[in-house]
Amino acid sequence: MLTPPAAVHALLFAASGPLTKEHLGELLNLDQKELALVLNATAALLKGSGETLIETADEVELRTSFEAAPIVKKLRESELSRDVGKASMETLAVIAYSTPTSKVGAPTGSVGDGATRGEVDWVRGVNSSASLRTLLMRGLIEGREDPTDKRRIRYTLTTEALAHLGITSVKDLPRAEELHAGAAAIIEHEKADAATFPDPE
Amino acid sequence: MLTPPAAVHALLFAASGPLTKEHLGELLNLDQKELALVLNATAALLKGSGETLIETADEVELRTSFEAAPIVKKLRESELSRDVGKASMETLAVIAYSTPTSKVGAPTGSVGDGATRGEVDWVRGVNSSASLRTLLMRGLIEGREDPTDKRRIRYTLTTEALAHLGITSVKDLPRAEELHAGAAAIIEHEKADAATFPDPE
Amino acid sequence: MPYTIKTPEYEGPFEILLDLIEERKLLVNDLALSQITEDFIQHVRAQADFPIEETATFIQIAATLILIKSKSLIPDLTLSEDENADVEDLKRRLAAYEKVREASRELGRAWGHHPLFTIGERAIEPFFSPARDLSAGALAEALARVLAARKEVEELPEARVKPLVTIEEMMDALAKRVQSAMTLSFKEFSGSNKEKIEVIVSFLALLELVKQGAIEAEQFDQHGDIRLKHTASASVPHYG
């Protein structure tokens with residue numbers, strides 16, 4: 001059985017940002033007086049756990065505890081200094097080479113600039129969401145709305161990433177035309193397939 | 001003072017995604033054996049808290065607990081899982097039940113962790129590449145080199161797949177020991193055969 | 001390019017076998033397998049559009065079923081060591097697959113029922129942090145590796161496809177041979193240097209003709225040839 005304090009904990013974890021006390025009360029069918037008691041119990045539940053409850057007048061949020069600050073700092077530093085890694089390197093490569101070399105210099109955001117998550121998945125054959133997250137966090141790629149489909153995000157290399165690679169444009173990448181053509185062919189093929197056979201699963 | 005289990009908890013919360021056991025060990029200055037003990041303690045710490053620890057062969061992730069599913073569903077209606085087709089579910093089953101339950105927690109990448117494409121084909125009696133591809137694209141399985149034969153890829157479940165099943169480790173699979181015996185027996189038999197008659201697959 | 005084709009979900013041979021056995025409320029054993037042989041062969045014939053590599057598996061299994069069935073029809077028939085191994089293998093794999101199917105159903109029941117939710121997406125504050133391993137050359141290498149891996153996957157299945165005989169072709173050939181010569185030996189018919197699968201397909205077709213009453217089969221001693229005779233009562237069926 002899930003106790004009310006544990007339910008609050010789970011909800012705050014899943015929300016990952018602040019939740020209003022009003023919203024929490026609704027979700028748990030509790031009035032504000034009852035909720036206040038439950039929140040005290042949640043705070044007690046979390047004591048010594050590495051997480052803590054932050055409470056303002058009308059909001060509640062989950063954070064790492066004060067004592068955890070040094071180890072979390074170590075995590076952040078290690079994340080940033082780590083190698084890009086094989087999966088993220090591949091993801092970055094697909095994004096970098098997806099921009100048609102002929103189109104470089106055309107207004108940004110036009111179709112074919114960079115790649116969407118689906119396109120990266122197609123080329124790599126595996127789910128790439130974790131890699132995209134890492135690359136975004138490391139400031140190597142940035143996302144913007146796909147001009148043809150606003151629900152999709154199209155990722156491109158940041159100017160910092162280009163500078164780090166020592167190039168001014170993706171057309172200066174090694175074997176730019178050849179590798180672009182390889183990736184583009186797979187994407188085109190998948191697009192045609194997706195149009196003919198809607199994904200059976 | 002922050003206890004090691006609480007430190008793991010804080011780190012996983014801060015990472016807001018899976019962390020490799022290797023990375024965790026580095027951050028906490030623990031070898032893998034010590035880490036395994038700490039992870040057990042973290043799991044115990046979280047009991048009844050609304051959060052739970054998911055553990056795969058080489059990753060750990062924090063998720064809401066099984067009991068919290070109904071209340072969190074209320075918060076995040078949109079995140080409900082899409083169905084997996086019958087063929088893909090069978091493929092997932094072969095991979096899931098291929099890991100010996102006794103070996104969970106043993107060094108990663110040892111033989112018997114997950115299944116290769118050939119093994120899945122053999123057990124199902126049909127070519128399973130389409131299903132494997134679907135599962136890879138949805139982030140439900142991941143592949144790594146077979147430690148005994150680098151040309152082969154061995155697939156295991158991701159934390160995402162375990163989370164969809166509402167379990168925290170493959171040893172919690174329904175009827176784990178009994179059903180593992182079925183798939184494992186036939187794979188072992190095939191391996192013994194293959195050793196006698198090398199198959200140029 | 002099998003890697004990109006969206007294959008429709010057709011049932012594998014084990015699945016069909018288990019379905020047929022379960023329909024009859026039987027257990028997986030020799031008796032059950034000999035009872036479903038015809039239905040299984042019907043299925044192989046009805047599915048002309050299997051990928052060729054799958055058809056091979058289907059026909060191989062059909063052939064093993066025929067071995068099991070013919071053993072029950074012709075008590076004198078002694079299966080060779082290889083044939084016995086095929087029969088045992090099929091039964092073992094079927095038993096394992098039965099477990100896998102159960103496992104799959106268990107997973108299906110649990111799937112998405114009580115998902116363990118992730119921590120919500122938090123706003124990411126990007127902090128530019130490349131690493132030593134990131135270079136233009138490494139990028140090119142990474143993409144080239146991905147493209148090469150795909151190419152390998154796409155080329156793989158073609159190498160495995162073997163030219164195959166269909167049941168129909170073999171039936172046809174068999175019927176013609178039987179018509180032209182009143183008797184002939186099974187060994188002669190199946191040839192001596194053909195692949196095993198072809199021999200089995202011949203055997204399968206032969207037994208089917210026997211069952212239809214089109215020919216009579218006699219085996220004079222345990223290890224001898226099976227002699228085929230065109231029966232007077234029935235004309236040879238035509239196929240194709």
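Lettering follows sequence order; numbering is per chain, from 1.
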Do the ring planes of Phe13(A) and Phe13(B) sit parallel (below 30°), tilted (30 to 60°) or perpendicular (above 60°)? tilted

For residues Ala68(A) and Ala10(B), report the shortest heavy-atom separation together with the two atoms involved. CB-CB, 3.5 Å

Out of His9(A), Glu79(A), Glu67(A), His23(A), return the one with the most heavy atom pairs under 4.5 angstrom to chain B. His9(A)

Heavy-atom distances under 4.5 Å only: say whether Ser65(B) touches chain A with side chain, backbone, both or neither. side chain

Options Met137(B), Arg63(B), Glu142(B), Glu160(B), ranked by heavy-atom pairs under 4.5 Å with chain A, top entry: Met137(B)

With a 4.5 angstrom heavy-atom cut-off, is it the side chain or the backbone of Leu27(A) that approaches chain B, or both, or neither? both

Strictly below 4.0 Å, N to O, side chains only: are Lys74(A) and Glu26(B) in salt-bridge contact? no

Of the listed Gly143(B), Ser49(B), Pro70(B), Pro18(B), the one with the largest count of heavy-atom pairs under 4.5 Å with chain A is Ser49(B)

Considering residues, nucleotides and ligands other than Gln32(B), do more than 12 of their heavy atoms fall under 6.0 Å from its CD? yes

From the list Ser129(A), Ala7(A), Ser78(A), the residue making the most non-hydrogen contacts under 4.5 Å with chain B is Ser78(A)

Checking heavy atoms, do the side chain of Leu140(B), its backbone, both or neither come under 4.5 Å from chain A? neither

Point-to-point distance, once rounded to the nearest 0.5 Å, from CG of Asp121(A) to CG of Leu136(B): 10.5 Å

d(Leu75(B) CG, Leu24(A) CG) to nearest 0.5 Å is 8.5 Å

Atom pair CD1 (Ile71(A)) and CG (Leu11(B)), whose distance is rounded to the nearest 0.5 Å: 5.0 Å

Salt-bridged, Glu190(A) to Arg133(B), with N to O below 4.0 Å? yes

Examine distances only and state if a side-chain atom of Arg76(A) and a backbone atom of Ala14(B) form a donor-acceptor pair shorter than 3.5 Å. yes

Give, for atom CG of Leu12(A) and atom CD of Glu51(B), the distance between the pair rounded to the nearest 0.5 Å. 9.5 Å

